Amino acid sequence: MDRNELEKISDFPLGEENVTFAQYFTGKSYLSLLNDKEVNIHNVTFEPGCRNNWHIHHGCGQILICVGGHGWYQEAGKDARPLKSGDVVYIPPEIKHWHGAVKDEGFAHLSLTVPTEGANTEWCEPVTDEEYNKLLRNF
């Protein structure tokens, strides 16, 4: 999917290729900082098939507001949840999870976090192709 197509997924700026966190993603994503006053808000855009690794937010939660395309959200030990524009996901601290695009369509969500002293993200193992491809058959 080219950059022009990705820019059409949502009304928020696409931003730059997410090279800083690329090692924690399968596929290519883009990151645009929208706000860093009191609440950090980023637009995260995933190319088709892109997803982040399993990860855990320590010390603060995260809110995802889906703004375009279709994607997935999954907590460890639970079934994956399909996501579409308008869906909101609250992720409490200490919950292992991942999120990303469906195989054949880009996906964008806003990520909201409150800066908290000592908070950090623990990046874990990738979502395997086997795990991911099982979801595609059930979507």
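Keep in mind that what you see is a predicted model, and the values were worked out from it rather than measured.
Of all the heavy atoms in H99 and F46, the pair that sits closest is O-CE2, 3.7 Å. Residues P93 and G61 share a closest heavy-atom pair of CG-N, 3.6 Å. Nearest heavy atom pair, residue R81 against residue V89, reads NH1-CG2, 3.6 Å. Nearest approach of A119 to C60, heavy atoms of both residues: CB-SG, 3.9 Å. Of all the heavy atoms in E47 and A101, the pair that sits closest is O-CB, 3.4 Å.
Applying the side-chain hydrogen bond (donor to acceptor under 3.5 Å, both in side chains) criterion to E105, with sequence neighbours excluded, gives H70. Listed by chain and number, the residues in a side-chain contact (heavy atoms from CB on, under 4.5 Å) with E16 are R3 (sequence neighbours excluded). For D87, the salt bridge (charged side-chain N to carboxylate O under 4.0 Å, His left out) criterion is met by K84, not counting sequence neighbours. For the side-chain hydrogen bond (donor to acceptor under 3.5 Å, both in side chains) test, residues two or more places apart in sequence or in another chain that qualify with S111 are Q62. With sequence neighbours left out, H57 forms a ring pair (Phe, Tyr, Trp, His ring centres under 6.0 Å) with H55, H97. With sequence neighbours excluded, the residues satisfying side-chain contact (heavy atoms from CB on, under 4.5 Å) with N4 are D2, E7.
In this structure, the separation between OG1 on T121 and CG on N53 is 12.0 Å, given to the nearest 0.5 Å. The NZ atom of K103 sits 14.5 Å away from the SG atom of C50 when rounded to the nearest 0.5 Å.
Hydrophobic cluster membership is shared by V44 and F107, with clusters built from Ile, Leu, Val, Met, Phe, Trp and Tyr side chains linked at under 4.5 angstrom. Under the 4.5 Å side-chain heavy-atom criterion for ILVMFWY residues, a single connected hydrophobic cluster contains both L135 and V102.
Applying the side-chain contact (heavy atoms from CB on, under 4.5 Å) test between I9 and each of L14, N43, T45 identifies T45 as the sole match.
Looking at Y73 and W98, their side chains never come closer than 4.5 Å, going by heavy atoms from C-beta outward.
In this structure, V39 belongs to a hydrophobic cluster whose other members, linked by side-chain heavy atoms under 4.5 Å apart, are F12, L34, I41, I63, I65, V67, V88, Y90, L110, L112, V114.
Pairs of residues two or more places apart, or lying in two chains, that qualify as salt bridge (Lys or Arg N to Asp or Glu O under 4.0 Å) and include a residue from residues 66-79 are E75-K78.
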Without placing hydrogens or testing angles, list every side-chain donor-acceptor pair under 3.5 Å for residues 122-129, not counting sequence neighbours.
unit_1, atom_1, unit_2, atom_2, d
E122, OE1, H58, NE2, 2.7
E125, OE1, K96, NZ, 3.3
E125, OE2, K96, NZ, 3.0
T128, OG1, E131, N, 3.0
T128, OG1, E131, OE1, 3.3
D129, OD1, R51, NH2, 2.7

Would you mind writing out the side-chain donor-acceptor pairs for residues 18-33 within the sub-3.5 Å range, not counting sequence neighbours?
unit_1, atom_1, unit_2, atom_2, d
N18, OD1, F21, N, 3.4
N18, ND2, S29, OG, 3.2

